[in-house]
Amino acid sequence: MAGLHWDIFCRVVDNFGDIGVCWRLAAQLAARGHAVRLWIDEPSALAWMAPGGCAGVEVIAGTGAGAHYQPGEVVVEAFGGTLAPNVVAAIGRANRDGGARACWINLEYLSAEPFVARSHALESPVHGGALAGVRRWFYFPGFTSDTGGLLREADLMERRAHFDRAHWLARQGVSWTGEPVVSLFCYEPPALGQFLGAMARAPALLLVTHGRAAAAVRRAQAAMPGSWNRDGALKIAFIPLLSQVEFDRLLWCADCNFVRGEDSLVRALWAGAGLVWQAYPQSDDAHHAKLEAFLDWLGAPASLRRFHRLWNGLEEGLLPPIEWAPWRTAVERARARLLAQDDLVSRLLRLVAENR
Ligand code: TRH
């Protein structure tokens, strides 16, 4: 498909996932020759997440657009962010004028729940009036071929295959002597103290990401008895904020990745090591069903399921030990299923081509 003009509108709720997903989408569209305007109410995180920017992506602070705004051929409204009234009006105008009719996509959150396949690519009703004749579509990312798929750069697996973890860790100033490596990107898991205590029973290196994970580890450490890591078996390295490119490499270093939210879960799947996911907690506990659906899709062995339920606070009790090989095998198999499918951008481009 010839390069199109895209407008992606993103409102940052909290954390880094909204902006992280929108950035990856924008950069991957640009890599395929499309011109992207990324409108974000709070773009400051891009300074560390994507310090070099990306050719073909223009970042615009604010989601209001000006009075003279002309919509691109595709307008993506990310995560039900609700487009500003003048953006909606401009889409209606473009449609009435019959010229550059905009294809309006509602990009939704990722889930493995069955409703995703049922709802993906359905037309989303638009109320008439100024918007009469405008069409928009629900776009649901997902893990199976009947959903919107997952973001994956064309060269990702090749870059992953050529990665040298000893070299990367040395470059970060982290001392590694061959012990198992675990990365930690989480909110405030209730079992964190217990996890640290268990990890300290055998040599391991824990790479703790900046922000909430680091704060939670420091709090847990302070609450532990002084003897909890007396032999220093568990080495803890606090990692500064990384660009998305380097964040991927952090995940490639680990023998087990603890991830959270949406984007890092997908990146941990591509990394292919064992993974433990902390779902973004929702006040109505909707994340419980989301977690179970993901574990079903993953084909998680019993110990991994139990670990997830404790890590996400669905159950209380003793964490089972990490089972390195079976957990890795489950992720490798899941990754193979995903690699046999198209990535998200390929599927999105198809949907747009069919409906323009
Ligand atoms: O930050 P998150 O918890 O984001 C969440 C989820 O997306 C959730 O679904 C959403 O509802 C909520 O925000 C509002 O986790 P996530 O999705 O993994 O996003 C983290 C992003 O931050 C990801 O793109 C990787 C990036 N990142 C870096 O680039 N460098 C870093 O050093 C770190 C720690 C993260």
Side-chain angles (χ1 to χ4, degrees), residues 8 10-28 38 40-54 57 78-82 106-113 116 140-143 148 150-153 156 168 171-172 174 182-189 206-217 237-254 257-271 275-291 293-294 311-312 344:
I8 301 176
C10 173
R11 282 183 207 274
V12 174
V13 176
D14 59 4
N15 302 305
F16 312 136
D18 306 294
I19 193 166
V21 170
C22 287
W23 176 258
R24 282 198 203 277
L25 173 62
Q28 289 178 35
L38 178 54
I40 309 190
D41 58 347
E42 197 11 281
S44 59
L46 288 178
W48 51 266
M49 198 179 268
C54 174
V57 179
F79 313 123
T82 318
N106 278 124
L107 176 66
E108 301 290 337
Y109 284 112
L110 171 66
S111 176
E113 290 162 282
V116 166
F140 281 88
F143 300 90
L150 301 178
L151 287 165
R152 183 178 84 229
E153 299 81 1
L156 179 66
W168 191 86
R171 212 157 37 84
Q172 307 303 313
V174 175
V182 173
S183 77
L184 184 68
F185 181 46
C186 60
Y187 305 114
E188 290 76 28
L206 184 66
L207 306 173
V208 182
T209 55
H210 190 79
R212 287 175 71 170
V217 166
F238 290 94
I239 307 292
L241 278 172
L242 301 170
S243 69
Q244 266 188 346
V245 172
E246 294 292 346
F247 181 77
D248 278 348
R249 294 180 177 142
L250 171 86
L251 302 185
W252 297 348
C253 278
N257 285 302
F258 283 65
V259 286
R260 73 183 202 197
E262 175 163 339
D263 187 58
S264 56
L265 170 63
V266 175
R267 306 315 284 189
L269 284 166
W270 299 139
L275 71 83
V276 174
W277 179 44
Q278 189 175 17
Y280 181 73
Q282 288 166 270
S283 52
D284 55 359
D285 285 346
H287 60 291
H288 292 192
K290 210 169 171 168
L291 178 69
F294 172 72
W311 192 248
N312 282 273
L344 185 148

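Atoms within each ligand, like the ligands themselves, are counted from 1 in listed order.
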Under 3.5 Å, side chain of Trp270 to main-chain N/O of Leu151, donor-acceptor pair present?
yes
List the closest protein heavy-atom neighbour of atom 32 (O) of ligand 1: residue, atom name, distance to the nearest 0.1 Å.
Leu242 N, 2.8 Å
For atom 3 (O) of ligand 1, the protein heavy atom that lies nearest, with its residue and separation:
Tyr187 OH, 2.5 Å
Heavy-atom distances under 4.0 Å are what count here, so tell me which part of Trp48 touches ligand 1: side chain, backbone, both or neither.
side chain
From atom 19 (O) of ligand 1, work out which of Pro240, Ala50, Gly17, Gly20 has a heavy atom at the shortest distance.
Gly17
Full working for side-chain contact (heavy atoms from CB on, under 4.5 Å) between Leu207 and Leu184
CA-CA 6 Å; Leu207 306 173; Leu184 184 68; over 6 Å; no
For atom 26 (C) of ligand 1, what is the closest protein heavy atom, and at what distance to 0.1 Å?
Met49 CE, 3.8 Å
Part of Asp14 with heavy atoms under 4.0 Å of ligand 1, whether side chain, backbone, both or neither:
both
In sequence, state the C-alpha distance, the side-chain angles, and the governing distance for Glu188 and Arg212, and then conclude on salt bridge (charged side-chain N to carboxylate O under 4.0 Å, His left out).
CA-CA 7 Å; Glu188 290 76 28; Arg212 287 175 71 170; 2.8 Å; yes
Using the side chain to side chain contact (heavy atoms under 4.5 Å, CB included) definition, which of the options His210, Met49, Glu246 pairs with Leu241?
His210
Which residue from Trp277, Tyr280, Trp23 reaches closest to atom 12 (C) of ligand 1 through any of its heavy atoms?
Tyr280
Side chain, backbone, both or neither: Ser243 near ligand 1, heavy atoms under 4.0 Å
backbone
Flag the pair Leu110 / Phe143 as yes when at least one side-chain heavy-atom distance between them is below 4.5 Å, and no otherwise.
yes
Nearest non-hydrogen protein atom, atom 33 (C) of ligand 1:
Phe247 CD1, 3.6 Å
Over 60° means perpendicular and under 30° means parallel, so tell me whether Trp277 and Phe294 are parallel, tilted or perpendicular.
perpendicular
Within the structure provided, determine whether Trp23 and Gln244 are in side-chain contact (heavy-atom separation under 4.5 Å).
yes
Protein heavy atom at shortest distance from atom 34 (C) of ligand 1
Phe185 CE1, 3.6 Å
For atom 15 (O) of ligand 1, the closest protein heavy atom turns out to be Arg260 O, 3.6 Å
Ligand-residue contact atoms, ligand 1 with Leu241, heavy atoms, under 4.0 Å:
32 (O)
Are the ring centres of Phe185 and Phe247 closer than 6.0 Å?
yes
Give the intermediate values and the outcome of salt bridge (charged side-chain N to carboxylate O under 4.0 Å, His left out) for residues Asp248 and Arg267.
CA-CA 7 Å; Asp248 278 348; Arg267 306 315 284 189; 2.8 Å; yes
Using distance alone, decide if ligand 1 has a nitrogen or oxygen within less than 3.5 Å of any nitrogen or oxygen in Gln244.
yes
Can you find an N/O atom of Phe16 closer than 3.5 Å to an N/O atom of ligand 1?
yes
Who's the nearest protein heavy-atom neighbour of atom 6 (C) of ligand 1, and how far?
Gly261 CA, 3.6 Å
So for ligand 1, is His210 a polar contact partner (N or O within less than 3.5 Å, distance only)?
no
Any nitrogen or oxygen of Asp263, main chain or side chain, under 3.5 Å from a nitrogen or oxygen of ligand 1?
yes
Asn312 and Tyr187: CA distance, side-chain angles, deciding distance, side chain to side chain donor-acceptor pair (under 3.5 Å) verdict
CA-CA 10 Å; Asn312 282 273; Tyr187 305 114; over 6 Å; no
Checking Arg24 against Asp263 for the salt bridge (charged side-chain N to carboxylate O under 4.0 Å, His left out) test, could you report, in this order, the C-alpha distance in whole Å, the side-chain angles of both residues, the deciding distance, and whether it holds?
CA-CA 9 Å; Arg24 282 198 203 277; Asp263 187 58; 2.9 Å; yes
Is a side-chain donor or acceptor of His287 paired with a backbone partner of Gln282 at a separation under 3.5 angstrom?
yes
Can you check whether Arg24 has an N/O within less than 3.5 Å of an N/O in ligand 1?
no
Considering only non-hydrogen protein atoms, determine which one is nearest to atom 10 (C) of ligand 1 and report residue, atom name and distance to 0.1 Å.
Tyr109 CE2, 3.9 Å
